[in-house]
Engineer: 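Before I ask anything, here is the structure I am working with.
We count ligands from 1, going down the list as the structure has it; atoms in each ligand are counted the same way. Just so it is clear, the model here is predicted, and its values are computed rather than measured.
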Amino acid sequence: MRYAPPKGTYDILPPAPGRDAVQNSALWQWLETSFREICRQYGYSEIRTPIFESHDLIHRSVGEGTDIVAKETFDFITKGNDALTLRPEGTAGVMRAFVSNRLYIERPVTKLYYIGPNFRYERPQKGRYRQHHQAGAELLGASGPEADAEVIALACGFYARLGLTDLKVKLNTVGTPESRAEYVKALRTWAEPLLPQMSGENNRRFAQNALRMLDSKEPQDIALLATAPSLSDYLDEASQTHFAAVKGYLTAMGLPYEEDPRLVRGFDYYTHTVFEIQSVVLGDKALGGGGRYNGLIEAVGGPATPGIGFGLGLERVLLALEETGISLPTASGLDAFLCPLGEAARASCVTLLAHLRAEGVVCDMDYTGRRMKAMLEQADQCKARFAVILGDDELAQGVATVRDMITKVQEVAPLESLSRLLM
Ligand code: AMP
């Protein structure tokens, strides 16, 4: 019996020629390191939370009317009868951990970042998986527009660090829950007579979560939405002032953005600022997004604490980089590959390898007893800078032949001085 990876999942493997970027583990390490570095620069610390949380937490905080919870969660009951859900996004678990561990008493402002897998039962296609990965950040305890601007700058800074260009930052405000409720009422009144002309999806949204109608990608809905009431007409003054200040800061930071009055995003918990970063080379597909969620911490049982954050899909970053044709960094190779000729030499190489590694040399050896040519090919495949060849003659004299894999020049060197030569 042969098993394939479960539908909508894929394996991340050692780099090899022709391998898709999304399956290349060296690129994942590079993405993750880049994200960690920029988060450290901005003063964010890592948090790691379980990949499953209580069913209730996920369903209530993401929102029962959202597409994610309505159709896409992996829910299960444990043998002990606990109802759990694999996390479909990062924020709910981080908020739960913030409250469970009472992080709010440690400092007035908490800045957290995470990297990890999320699970959504979606129809798999390019750039859409059932297990995908996000890098995210959350800034908790600051309600001012500076925090919104910082979080957006952090997301953009990550892409810039990777060399990813051709991005659009879409920005909107969804105001306070009160002003939004007023707006949703008006939106429903407007939509009701038009329902027969709208897509099935927007009919469902009308019934379950009317605000999400604005996000429809169906041409028939988009045409109708041109006449829909505008959320900005329902914003209270404080929301308008906050939004104006966020935009002012972004401009001052030199971060271009486009206002998109129909941007509402897929979660119920947002208040005020919402944003999405889209990739032009991926046909304006979202690379990531986020927003402010001032009521969420209270909703999961913590003290009223404002928050803002984002989640960036990492698979899509790799797809966009590949599409842009940016030369992606390659895995670094070995300092040396040891090639023993014969049984006695193999035994010596085992000790030599341990010795060189203890000295800090990045090295490996042949374990297959192949012929010289095959071993040198493997040295090339491992991107070894040098091949260290050890046969009976060399052994007898306490030396090794060191072959420069680029110039092909060979020299004989005493075993004691090898590590200096190789590093
Ligand atoms: P969301 O949490 O829905 O706002 O998604 C944030 C980002 O995660 C999106 O912009 C995508 O880049 C990525 N993402 C979300 N769902 C998937 C998925 N099923 N497969 C791959 N990437 C995803």
Engineer: Which option wins on minimum heavy-atom distance to atom 1 (P) of ligand 1: Gln131, Gln278, Arg120?
Structural biologist: Arg120
Engineer: Taking side chain to side chain donor-acceptor pair (under 3.5 Å) as the test, write out the residues that go with Thr110, two or more places apart.
Structural biologist: none
Engineer: What protein heavy atom lies closest to atom 11 (C) of ligand 1? Include the residue and the distance to one decimal.
Structural biologist: Arg316 NH1, 3.3 Å
Engineer: Is it true that a side-chain atom of Gln240 and a backbone atom of Leu235 form a donor plus acceptor pair closer than 3.5 Å?
Structural biologist: yes
Engineer: Is the shortest side-chain N to carboxylate O distance from Arg96 to Glu53 below 4.0 Å?
Structural biologist: yes
Engineer: Looking at side-chain heavy atoms only, is the closest gap between Val22 and Tyr129 below 4.5 Å?
Structural biologist: yes
Engineer: My understanding is that we take every heavy atom of each candidate and find the minimum distance to atom 21 (C) of ligand 1. Doing that for Gly127, Gly313, Ala135, which one comes out nearest?
Structural biologist: Gly127
Engineer: Would you indicate whether the side-chain heavy atoms of Ile152 and Tyr257 approach each other to under 4.5 Å?
Structural biologist: no
Engineer: Quick one: does ligand 1 sit under 4.0 Å from the side chain of Leu287, the backbone, both or neither, non-hydrogen atoms only?
Structural biologist: backbone
Engineer: Does only the side chain of Gln134 get under 4.0 Å from ligand 1, or the backbone, or both, or neither? Count heavy atoms.
Structural biologist: side chain
Engineer: Provide, to 0.1 Å, the distance between atom 20 (N) of ligand 1 and the closest protein heavy atom, together with that atom's residue and name.
Structural biologist: Tyr129 N, 2.9 Å
Engineer: Are any of the N or O atoms of Ala286 closer than 3.5 Å to those of ligand 1?
Structural biologist: yes
Engineer: Can you tell which part of Arg265 has a heavy atom less than 4.0 Å from ligand 1: side chain, backbone, both or neither?
Structural biologist: side chain
Engineer: Of all the non-hydrogen atoms in the protein, which one sits nearest to atom 19 (N) of ligand 1, and at what distance?
Structural biologist: Glu122 OE2, 2.5 Å
Engineer: Can you check whether Glu89 has an N/O within less than 3.5 Å of an N/O in ligand 1?
Structural biologist: no
Engineer: Would you call Arg265 and Asp215 a salt bridge, using N to O less than 4.0 angstrom?
Structural biologist: no
Engineer: Does ligand 1 come near enough to Ile68 that some N or O of the ligand is less than 3.5 Å from an N or O of the residue?
Structural biologist: no
Engineer: Report yes or no: does a heavy atom of Glu315 sit under 4.0 Å from some atom of ligand 1?
Structural biologist: no
Engineer: May I ask you to say whether Lys126 pairs ionically with Asp20, meaning some side-chain N is under 4.0 Å from a carboxylate O?
Structural biologist: no
Engineer: Taking Leu263 as the fixed residue, which of Thr173, Val274, Val174 is the one that meets the side-chain contact (heavy atoms from CB on, under 4.5 Å) rule?
Structural biologist: Val274
